[in-house]
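The block underneath contains the structure these notes are about, expressed in structure tokens.
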Amino acid sequence: VKRIEKELEDECGWMYTTTNSKGEPKGKLNFMLWSDVMICPNCGKEYVYWKEGVKMINGRVNSLPSYTCPYCGATQSKRTAHFATESYFDEKLNKSVLRVKQVPVIVVGKAGKEKIQREPNDYDFKILEKIERTKIPYWYPTTALPAGLKTRDPKAREVYYVHQFYTKRTLYVLASLYNKIESSPMAPALRFMFTSLLNLVSKRNRVQAKNPYSRGQGVLNLTLVLPPFPTEASVIEMLDMRLVKMLNAEELIPKVYGNELYVGSADDLSIKDNSIDYIFTDPPFGANINYSELNSMPEPWLRAMTNNSHEAIENEAQGKSATSYRETMTRCFSEYLRVLKPGRWMTVEFSNTSASIWNIIQNALQQAGFIIANVAALDK
């Protein structure tokens with residue numbers, strides 16, 4: 001990883017340079033905060049949402065419920081204003097496409113011992129312009145987002161392809177990093193580290209309300225939502241942080257041998273009949289989590305997409321009703337019954353506020369041949 005970091009720094013380090021307090025290009029960018037550009041519905045002029053729709057109170061970011069246009073003074077809100085879009089040429093799609101217009105508003109970095117926390121200057125904008133003119137010489141996925149419930153959110157903001165979740169700078173460095181990983185003998189472990197980066201360095205990384213000068217709050221879980229104020233973190237810096245986490249985690253993993261681990265579908269277990277002593281299962285519950293849709297970001301990088309035809313969820317975009325969900329769960333529970341030894345037990349952890357989903361689970365269990373002996377709250 002250190003070797004790859006050095007190669008990335010040599011190739012892409014210029015993309016993360018910024019100026020110190022003396023205006024010298026000796027600073028290193030840790031992250032850059034961006035903001036949507038909005039259009040006033042009254043006068044039609046563009047303004048930076050961060051400057052008009054946000055107020056800093058005791059160092060905290062507070063989005064205003066309403067604010068005035070800096071040009072015409074008309075009162076508006078995020079709901080009544082419209083985000084501006086701009087056209088750009090996508091080199092991999094080989095066509096002009098739209099994107100939501102965003103501009104940098106805060107630069108955070110270091111120059112030796114000097115902390116950098118300021119608005120972007122001319123040097124920062126020139127770096128961004130140079131990056132936009134630079135072609136990416138490496139492979140990266142341009143997979144289209146599937147039709148779905150969660151993919152509607154990014155599409156509403158003109159994000160229709162996987163690579164559009166990233167700024168040009170981040171996409172270049174990610175593509176270079178992935179190319180170096182694929183030629184490494186440690187590729188499997190490094191891919192694991194790589195996919196752990198993808199959300200953290202994407203446009204989904206939200207500003208941290210209590211401290212806008214931090215690396216961000218992370219993404220909104222169980223969604224593909226793109227925020228109005230994304231924090232673009234340095235891929236090179238984040239890579240080093242992920243390495244530390246992996247090394248720390250390795251010490252906590254017990255060195256236990258003799259266990260079996262495999263990945264497959266619960267409705268077709270490759271396990272012998274009557275061979276399992278106990279099952280603890282926490283299956284999908286209705287429309288709680290749209291798993292395959294939420295994997296739309298990392299899977300294309302691995303060139304392996306989930307076959308979601310039998311995914312055990314409710315999802316109208318995939319044509320999956322409560323009935324199809326019940327049928328899938330019944331098949332899974334039938335497999336559990338087949339592999340469980342006679343007279344042994346299964347625990348099903350359930351979490352859903354919908355009574356209809358709870359009824360479906362009970363019916364599926366009974367149709368598979370189980371008897372529900374007890375229902376109790378689980379103290380986690």
Side-chain angles (χ1 to χ4, degrees), residues 145-156 195-196 198-199 204 206 217-226 260-271 276-299 302 304-341 344-380:
L145 297 180
L149 299 180
K150 299 303 177 183
T151 55
R152 293 172 182 172
D153 291 319
K155 290 176 182 178
T195 54
S196 77
L198 292 177
N199 271 317
R204 296 187 58 220
R206 303 167 291 164
Q217 187 176 341
V219 303
L220 189 62
N221 287 334
L222 308 185
T223 74
L224 290 174
V225 167
L226 290 154
E260 290 187 21
L261 175 68
Y262 78 96
V263 178
S265 177
D267 69 352
D268 187 18
L269 299 173
S270 56
I271 299 175
I276 301 297
D277 291 291
Y278 171 69
I279 296 172
F280 182 97
T281 183
D282 183 9
F285 292 109
N288 269 13
I289 304 175
N290 291 272
Y291 299 91
S292 62
E293 290 182 22
L294 297 174
N295 281 340
S296 298
M297 286 181 65
E299 288 185 342
L302 302 175
M305 303 297 292
T306 295
N307 177 359
N308 64 7
S309 59
H310 292 285
E311 187 176 13
I313 59 171
E314 275 188 286
N315 187 309
E316 62 182 31
Q318 296 181 23
K320 292 175 181 174
S321 63
T323 300
S324 59
Y325 169 70
R326 176 180 54 77
E327 291 171 350
T328 303
M329 292 305 301
T330 302
R331 290 198 302 272
C332 295
F333 288 142
S334 296
E335 277 290 270
Y336 288 156
L337 187 73
R338 178 183 66 79
V339 302
L340 194 63
K341 291 178 180 178
R344 301 299 173 91
W345 297 79
M346 173 172 72
T347 298
V348 180
E349 184 177 355
F350 175 84
S351 177
N352 192 298
T353 56
S354 171
S356 63
I357 296 298
W358 173 227
N359 289 332
I360 286 174
I361 291 294
Q362 291 183 86
N363 289 333
L365 283 165
Q366 291 167 354
Q367 285 184 30
F370 281 102
I371 298 171
I372 301 174
N374 184 42
V375 177
L378 175 64
D379 184 353
K380 293 186 179 181

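What you see is a predicted model; the values in this text were computed from it and never measured. Numbers here are sequence positions counted from 1.
In this structure, CG in Asn315 is found 11.0 Å from OG in Ser321, a value given to the nearest 0.5 Å. Separation of atoms CG (Leu198) and CE (Met297) is listed at 6.0 Å; rounding is to 0.5 Å. For the atom pair CG (Asn199) and CG (Leu220), the distance works out to 11.0 Å, reported to the nearest 0.5 Å. In this structure, Met346 CE and Phe333 CZ are separated by 5.0 Å, a value rounded to the nearest 0.5 Å. Distance NZ/Lys320 to NE2/His310: 8.5 Å, rounded to 0.5 Å. Atoms CD1 and CD, from Ile360 and Gln367 in turn, are 10.5 Å apart once rounded to the nearest 0.5 Å.
The main-chain N or O of Gly218 is found under 3.5 Å from a side-chain atom of Arg206 such that the two form a donor-acceptor pair. Looking at Glu314, its side chain never comes within 3.5 Å of a backbone N or O of Tyr325 through a donor-acceptor pair.
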### Task
Walk me through it: do Arg344 and Ile276 pass the test side chain to side chain contact (heavy atoms under 4.5 Å, CB included)?
CA-CA 8 Å; Arg344 301 299 173 91; Ile276 301 297; over 6 Å; no
### Message
Between Leu365 and Gln362, does the side chain to side chain contact (heavy atoms under 4.5 Å, CB included) criterion hold? Intermediate values first, please.
### Response
CA-CA 5 Å; Leu365 283 165; Gln362 291 183 86; 5.6 Å; no
### Message
For a side chain to side chain contact (heavy atoms under 4.5 Å, CB included) check, start with the C-alpha distance between Ile279 and Val339, then their side-chain angles and the critical distance, and finish with the verdict.
### Response
CA-CA 10 Å; Ile279 296 172; Val339 302; 4.2 Å; yes
### Task
Please lay out, stage by stage, how Ile271 and Glu335 fare under the test side chain to side chain contact (heavy atoms under 4.5 Å, CB included).
CA-CA 9 Å; Ile271 299 175; Glu335 277 290 270; over 6 Å; no
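Across all their heavy atoms, Pro298 and Leu294 have their closest contact at CD-O, 4.2 Å. Nearest heavy-atom pair, Tyr291 versus Pro284, reported as atom, atom and distance to 0.1 Å: CE1-CB, 3.6 Å. Taking both residues in full, the closest heavy atoms of Glu293 and Leu224 are given as O-CD1, 3.6 Å, listed atom of the first, atom of the second, then distance. For the pair Tyr336 and Ala266, the tightest heavy-atom approach, listed with the atom from each and the gap, is OH-CB, 3.9 Å. The two residues Thr330 and Ala368 have their closest heavy-atom pair at O-CB, 4.0 Å. Heavy atoms only, all atoms of each residue included: Gly148 and Ala317 are closest at CA-CB, 3.5 Å.
By the 30° and 60° cut-offs, the orientation of the rings of Phe350 relative to Trp358 is tilted.
If you check the side chains of Asn290 and Gln318, you find no donor sitting under 3.5 Å from an acceptor. Using modelled atom types, one finds a donor on one side chain and an acceptor on the other under 3.5 Å when comparing Ser265 with Asp267.
Pairs passing the ring pair (Phe, Tyr, Trp, His ring centres under 6.0 Å) check and including a residue from residues 361-380, sequence neighbours excluded, do not occur. Applying the side-chain hydrogen bond (donor to acceptor under 3.5 Å, both in side chains) test to pairs two or more places apart or on separate chains, those with a residue in residues 145-155 are Arg152-Glu316.
In this structure Asn374 satisfies the side-chain contact (heavy atoms from CB on, under 4.5 Å) test together with Ala376, sequence neighbours excluded.
You'll find the side chain of Val225 stays beyond 4.5 Å of the side chain of Arg204, heavy atoms only.
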